[in-house]
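Structure record follows, encoded as structure tokens.
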Amino acid sequence: MTTAATDPNAGKRAAAEAALKEVQDDSVVGVGTGSTVRFFIEGLARMRARIEGAVSSSEQSSALLRAAGIPVLDLNAVGPIPLYVDGADECDPWRRLIKGGGAALTREKIVAEAAQRFVCIIDPSKRVEVLGRFPLPVEVIPMARSLVARALVQLGGQPVWRDGTTTDNGNWILDVHGLRITDPVGLEREINQIPGVVSVGLFARRPADVVLIGATPMADPPR
Ligand code: 5RP
């Protein structure tokens, strides 16, 4: 029998269930990508008659949403959306995130930007004091892979090409190892300025508004 103590997904499920309480009737819901979001989509399916539809951050989530009978809407057709729910690979005490383990970082960043409220759902293993233990994903235009990699080395990282992965946008991913990110906003800005970078998986300029660690909201950031 699976119990909360033995279920490795208990934290993810609990966070996803807690996030469902944030969904407003008749609204459009922004939906992220990954194994935690999969539980959120399962819950959304149960309440699909109460929502207008979803804006999705990946082909993977779009397929899950459609299979659950939830209309997938074009962001251009809906404008600002009240709520975006997504997971993360790391989260610091200021709700700044590393995302992109599932290679969906660019569309995730777009939907997060369009959202009035970004609720991040994680299990306790994702909570860190300083971002960077998880390799930082950077989506690059394929012809610029080596150029961008050299620039990332100049910034102190060790980029590794995620060989065999092509993003939903037709691009490639560099995973940057060895960073200790003490200025996430500055590093996000700096990496964004490298020609050939499509986006970086640092969500610091626009952090999450709420982080649910399992069912528990994370404490307010230190002052
Ligand atoms: C995908 C992401 C995911 O949110 C992140 O990788 C966390 O995934 P999971 O919920 O499976 O641990 O950023 O690009």
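Start at 1 and go down the list; that is how both ligands and their atoms are numbered.
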Per the under 4.0 Å non-hydrogen criterion, ligand 1 touches K12, T33, G34, S35, T36, D86, G87, A88, D89, K99, G100, G101, G102, A103, A104, E108, K126
key: Residues S57 and T33: side-chain donor-acceptor under 3.5 angstrom   = yes
Look at atom CZ of R206 and say whether more than 12 heavy atoms of other residues, nucleotides or ligands are closer to it than 6.0 Å.
-> yes
(Q) Same cluster or not: L105 versus V119, using hydrophobic residues (I, L, V, M, F, W, Y) connected whenever any side-chain heavy atoms lie under 4.5 Å apart? (A) no
The ring pair (Phe, Tyr, Trp, His ring centres under 6.0 Å) partners of F118 (sequence neighbours excluded) come to Y84
Residue set satisfying ring pair (Phe, Tyr, Trp, His ring centres under 6.0 Å) with W94, at least two apart, ordered chain then number -> none
Besides I213, the hydrophobic cluster formed by Ile, Leu, Val, Met, Phe, Trp and Tyr side chains linked at under 4.5 Å, directly or via other members, contains I122, V211, M218
